[in-house]
Amino acid sequence: MKGNFPVEKFQTLRTPFYYYDTDLLRQTLDAIRREVNKHEAYHVHYAVKANANPKLLRIIREAGLGADCVSGGEIEACVKAGFPGSKIVYAGVGKSDWEINLGLDRDIFCFNVESIPELEVINQLAQAKGKVARVAFRLNPNVGAHTHANITTGLAENKFGIAMRDMVPVMEHARRLSNVQVVGLHFHIGSQILDMGDFEALCNRINELQAELERHRMTVEHINVGGGLGIDYEHPNRVPVPDFKAYFDTYSKKLRLRPGQTLHFELGRAVVAQCGSLVTRTLYIKEGAVKKFAIVDAGFTDLIRPALYQAYHKIENITSDLPMVAYDVVGPICESTDVFAKQTDLNTTRRGDLLAIRSAGAYGEIMASQYNCRQLPVGYTSDEL
């Protein structure tokens, strides 16, 4: 089964380009909303780093989600898309002064702080503005996740977060600063996680940390568990919407919130990945000594995940119904890593055929580059085609 694409309209567009099925995006947002509405204390912030296409940001904002930003540019994009400052959280291990000042000026919900030096800079900049900055400490829970090594973030060896052993001293240090207010704890253990046991392990660690804080007569208003929920890259047509019920139920059953506490999530990939496809045109079919190559006009400048993470993306020839043949699908970049798939079965492919590289709505368009002086891909939505 192939995805449903407006192929005739695609034929008039310059390739490569991104195509976003906004009906599927809205279905995904509805599924999130149904589960979150079961829990009064739950709040979801969309992780903007997954995809900052302004047309998608507006739809996500209209659905009532907040925003999780990791740069000043993302904050600016969210403000432009209509997100209120009160629903923006700002994370990142290296926040520059202008980015912190932007967050202060926009009165964002909170800064997720990753070190004492960062905390002190935020306090200093807030003092200069006569403001009190709300902060949550990002703790490194040393919880492993069953995912690619390059996208784990919760291990002691990773650059992210404050070590658990430093939690109490850091909280005590913050109490002595006059222009920061500690409102929460923040965690994020990685991305593309499909094993709910990883999230259970995080819940257990947070339960231990909360108990430790209470022994020191410390409490926080908010717990932020980050995101990390993965998608089904192999079956985008069969499983277009992630299992949000299992995800939120895991936290509901395993995490012991204190009275009055709110729980915040930062979902990115799970929101937008399945609604997006990279559409590329076949330039040549090259017969190699032992294999066939489908050479397309998209490259890792347009979608870097296969080259960077050895990531799998299902590929469909959306203009052919001929018998299946195995191809290496490769791009035009002068690098041996410019390969989208090896020995993947496609309907017999000819010059001019359109291929859809599926599940590319997250970490696709947003990570595109102009290496080889290539133009950035345009993003189109089903609303406009």
Q) Would you call the rings of Phe300 and Tyr371 parallel, tilted or perpendicular, where under 30° means parallel and over 60° means perpendicular? A) parallel

Q) Does the cation-pi check pass for Lys87 over Phe109, that is, NZ or CZ under 6.0 Å from the six-membered ring centre and within 45° of its axis? A) no

Q. For the atom pair SG (Cys69) and CD1 (Ile88), what is the distance rounded to the nearest 0.5 Å?
A. 5.5 Å

(Q) Is it true that Arg358 and Asn237 share a donor-acceptor pair across their side chains at a distance under 3.5 Å? (A) yes

Q. Checking side chain to side chain contact (heavy atoms under 4.5 Å, CB included) against Ile122, which of Asn101, Leu177, Ile100 comes through?
A. Ile100

Q. Do Asp353 and Asn317 have a side chain donor and acceptor closer than 3.5 Å?
A. yes

Q. Can you tell if the side chain of Tyr312 reaches within under 4.5 Å of the side chain of Glu234, non-hydrogen atoms only?
A. yes

Q. To the nearest 0.5 Å, how far apart are CD in Glu114 and CG in Asn140?
A. 9.0 Å

(Q) Ignoring hydrogens and geometry beyond distance, is a side-chain donor-acceptor pair present between Thr219 and Arg258 at under 3.5 Å? (A) no

Q: To the nearest 0.5 angstrom, please state how far the OG atom of Ser115 sits from the CD atom of Glu120.
A: 8.5 Å

Q: Answer yes if the side chains of Glu99 and Ser96 hold a donor-acceptor pair under 3.5 Å, and no otherwise.
A: yes

(Q) Rounded at 0.5 Å granularity, tell me how far CG in Leu202 sits from CG in Leu255. (A) 8.0 Å

(Q) Less than 4.5 Å apart, side chain to side chain, heavy atoms only: is that true for Thr319 and Leu355? (A) no

Q: May I ask you to check whether Tyr20 and Asn51 show a side-chain donor-acceptor distance below 3.5 Å?
A: yes

Q: Would you name the heavy atoms of Leu25 and Val271 that are closest together and state the gap between them?
A: CD1-O, 3.5 Å

Q: State which residues pass salt bridge (charged side-chain N to carboxylate O under 4.0 Å, His left out) with Lys254; sequence neighbours excluded, sorted by chain then number.
A: none

**Q.** Shared hydrophobic cluster, Val329 / Phe293 (ILVMFWY, side-chain heavy atoms < 4.5 Å)
**A.** no

Q) What's the spacing between Ser191 OG and Tyr363 OH if we round to 0.5 Å? A) 4.5 Å

Q) Are there more than 12 heavy atoms of other residues, nucleotides or ligands under 6.0 Å from atom NZ of Lys38? A) yes

**Q.** Residue pair His43 / Val36, side-chain heavy-atom distance below 4.5 Å
**A.** no

Q: For the pair Tyr247 and Tyr251, name the ring-plane relationship: parallel under 30°, tilted 30 to 60°, perpendicular over 60°.
A: perpendicular

(Q) Does either side chain, that of Arg281 or that of Gln11, offer a donor lying less than 3.5 Å from an acceptor on the other one? (A) yes

Q.
Do Thr282 and Arg351 pair up side chain to side chain, a donor and an acceptor below 3.5 Å, judged on atom types alone?
A. no

Q. Taking the six-membered ring for Trp, are the ring centroids of Phe137 and His186 within less than 6.0 Å of each other?
A. no

Q: Determine the minimum heavy-atom distance between Asp383 and Arg26, stating which atoms define it.
A: OD2-NH2, 3.1 Å

Q: Compute whether any side-chain donor of one residue and acceptor of the other, for Gln274 and Ser359, lie under 3.5 angstrom apart.
A: yes

Q) Looking only at heavy atoms, which two atoms of Asp166 and Pro169 are closest? And how far apart? A) O-CD, 3.3 Å

Q.
Would you say Lys2 and Asn347 are linked by a side-chain donor-acceptor pair, where the criterion is simply a distance under 3.5 Å?
A. yes

Q: Could you tell me whether Lys291 and Asp328 make a salt bridge, using a distance below 4.0 angstrom between a side-chain N and a carboxylate O?
A: yes

Q) Does a sphere of radius 6.0 Å around CD in Gln375 hold more than 12 heavy atoms from other residues, nucleotides or ligands, not counting ones at 6.0 Å or beyond? A) no

Q: Compare all side-chain heavy atoms of Leu283 with those of Val296 and state whether any distance is below 4.5 angstrom.
A: no

Q: For residues Asn224 and Arg138, determine if any side-chain heavy atom of one lies less than 4.5 Å from a side-chain heavy atom of the other.
A: no

(Q) Would Tyr18 and Tyr380 count as a ring pair (Phe, Tyr, Trp, His ring centres under 6.0 Å) here? Give the steps. (A) CA-CA 6 Å; Tyr18 276 91; Tyr380 299 100; over 10 Å; no

Q: Compute whether any side-chain donor of one residue and acceptor of the other, for Ser382 and Thr22, lie under 3.5 angstrom apart.
A: yes

**Q.** Gln343-Tyr327 side chain donor-acceptor pair, cut-off 3.5 Å
**A.** no

Q: Given side chain to side chain contact (heavy atoms under 4.5 Å, CB included), test Leu209 with Leu213 step by step and report yes or no.
A: CA-CA 6 Å; Leu209 293 172; Leu213 281 179; 5.7 Å; no

Q: Verify the neighbour count for atom CZ of Arg33: are there more than 12 heavy atoms of other residues, nucleotides or ligands below 6.0 Å?
A: yes

Q) CG of Leu354 to CZ of Phe10: how many Å apart, nearest 0.5 Å? A) 8.0 Å

Q. Side chain of His188, backbone of Gly227: donor and acceptor closer than 3.5 Å?
A. yes

